[in-house]
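Reviewing the structure listed below.
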Amino acid sequence: MDWQAVLLSLRLAATTTGILLVVALPLGAWLAYAPRRWWRTAIEAVVALPLVLPPSVLGFYALIALGPKSPVGRWYEDLTGSLLPFSFTGLLVGSVLFSLPFAVQPITAGFAGVDRRLLEASWSLGEFRTVTLARIAVPLALPGIVTGAVLSFAHTVGEFGVVLMLGGNLPGQTRTISIAIYDSVQAMDYATAGRTSLLLLVFSFAVLATTYTLQRRFTYAGATP
């Protein structure tokens, strides 16, 4: 088994999840509480695009957007002297993009489920909206936040199309566990592919079981007087 690819996948998933929590918390709160206008619908559609786009399409556009001919790619190359595509940083940017809906949608649902009367009571007592968000909305939306973090982590670990398009197959830099499985199959090493796939299967089952267990516990705690 390619443990280097396994560790790289875990590192990529952990970093992606951390970034997504920073991005998805304010974005999810805004989507939950903002008035229903056309721009909110447009932003919701943009966030959800990775759910319906083929990963190869998303990876292709990310490759063009981060390539050396793009403003972002040229800026990064001038700053660091290296290219974004086929690097861990480029792979991280792509991972954040394609896992964005897996973090934002559960977090938005968590905020939307908070009783608005509690928020309005806090505002009427003179609390700032940011303080109300941090002290009341975030704790009550915790099941959605945890679900978003877990799903983002699991989705990043198993992603293949965007990783192959944007990161390629560089051992120790961009070769993730899904690419390692693909390589094993191409080399007709089905035993290694089977062991690695079984590891992903067990991991995915554990992630889902943990998610459902946490949701049940949060729901029970919330229902207890």
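The first residue in the sequence is number 1, and the count goes up from there.
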Polar side chain donor-acceptor pair, S184 to T192, under 3.5 angstrom: no

Polar contact flag, side-chain donor to acceptor under 3.5 angstrom, T156-S99: yes

Under 3.5 Å: donor-acceptor pair, side chain of T16, backbone of A13: no

Main-chain N/O of L12 paired with T15 side-chain donor or acceptor, under 3.5 Å: no

Shared ILVMFWY cluster between [X] and [Y], side chains joined below 4.5 angstrom?
X	Y	value
L100	L49	no
L92	F160	yes
L27	L133	no

[X] side, atom [atom1]; [Y] side, atom [atom2] - distance, nearest 0.5 Å:
X	Y	atom1	atom2	result
S87	L166	OG	CG	8.0 Å
T196	Y182	OG1	OH	15.5 Å
R74	L66	CZ	CG	13.0 Å
L97	L20	CG	CG	9.0 Å

Below 3.5 Å, can you tabulate the donor-acceptor pairs from side chains in residues 171-181 to any protein atom, sequence neighbours excluded?
{"unit_1": "T174", "atom_1": "OG1", "unit_2": "G167", "atom_2": "O", "d": "2.6"}
{"unit_1": "T174", "atom_1": "OG1", "unit_2": "L170", "atom_2": "N", "d": "3.0"}
{"unit_1": "R175", "atom_1": "NE", "unit_2": "N169", "atom_2": "OD1", "d": "3.4"}
{"unit_1": "R175", "atom_1": "NE", "unit_2": "D183", "atom_2": "OD2", "d": "3.4"}
{"unit_1": "R175", "atom_1": "NH1", "unit_2": "D2", "atom_2": "OD2", "d": "3.1"}
{"unit_1": "R175", "atom_1": "NH2", "unit_2": "D183", "atom_2": "OD2", "d": "3.0"}
{"unit_1": "T176", "atom_1": "OG1", "unit_2": "S178", "atom_2": "OG", "d": "3.2"}
{"unit_1": "S178", "atom_1": "OG", "unit_2": "E159", "atom_2": "O", "d": "2.7"}

Please enumerate all residues that pass side chain to side chain contact (heavy atoms under 4.5 Å, CB included) together with [X], with sequence neighbours excluded.
X	result
A45	none
L25	I107, F111, I145
A14	F153

Would you mind writing out the side-chain donor-acceptor pairs for residues 197-205 within the sub-3.5 Å range, not counting sequence neighbours?
{"unit_1": "S197", "atom_1": "OG", "unit_2": "A193", "atom_2": "O", "d": "2.7"}
{"unit_1": "S204", "atom_1": "OG", "unit_2": "L200", "atom_2": "O", "d": "2.8"}

Residues which pass salt bridge (charged side-chain N to carboxylate O under 4.0 Å, His left out) with E77, listed by chain and number, not counting sequence neighbours: none

Pairs where residues 55-103 contributes a residue and the test ring pair (Phe, Tyr, Trp, His ring centres under 6.0 Å) is met, not counting sequence neighbours: F98-H155, F102-H155

Residue pairs involving residues 119-151 (criterion ring pair (Phe, Tyr, Trp, His ring centres under 6.0 Å); sequence neighbours excluded): none

Side chain to side chain, Q105 and L51, heavy atoms closer than 4.5 Å: yes

side-chain hydrogen bond (donor to acceptor under 3.5 Å, both in side chains) involving S82 - partner list, sequence neighbours excluded: T80

ring-ring contact (aromatic ring centres under 6.0 Å, His included) partners for Y190, two or more places apart: none

Sequence neighbours excluded - salt bridge (charged side-chain N to carboxylate O under 4.0 Å, His left out) pairs with any residue from residues 96-119: D115-R117, R116-E120

Pairs involving residues 13-26, ordered by first then second residue, that meet salt bridge (charged side-chain N to carboxylate O under 4.0 Å, His left out) (sequence neighbours left out): none

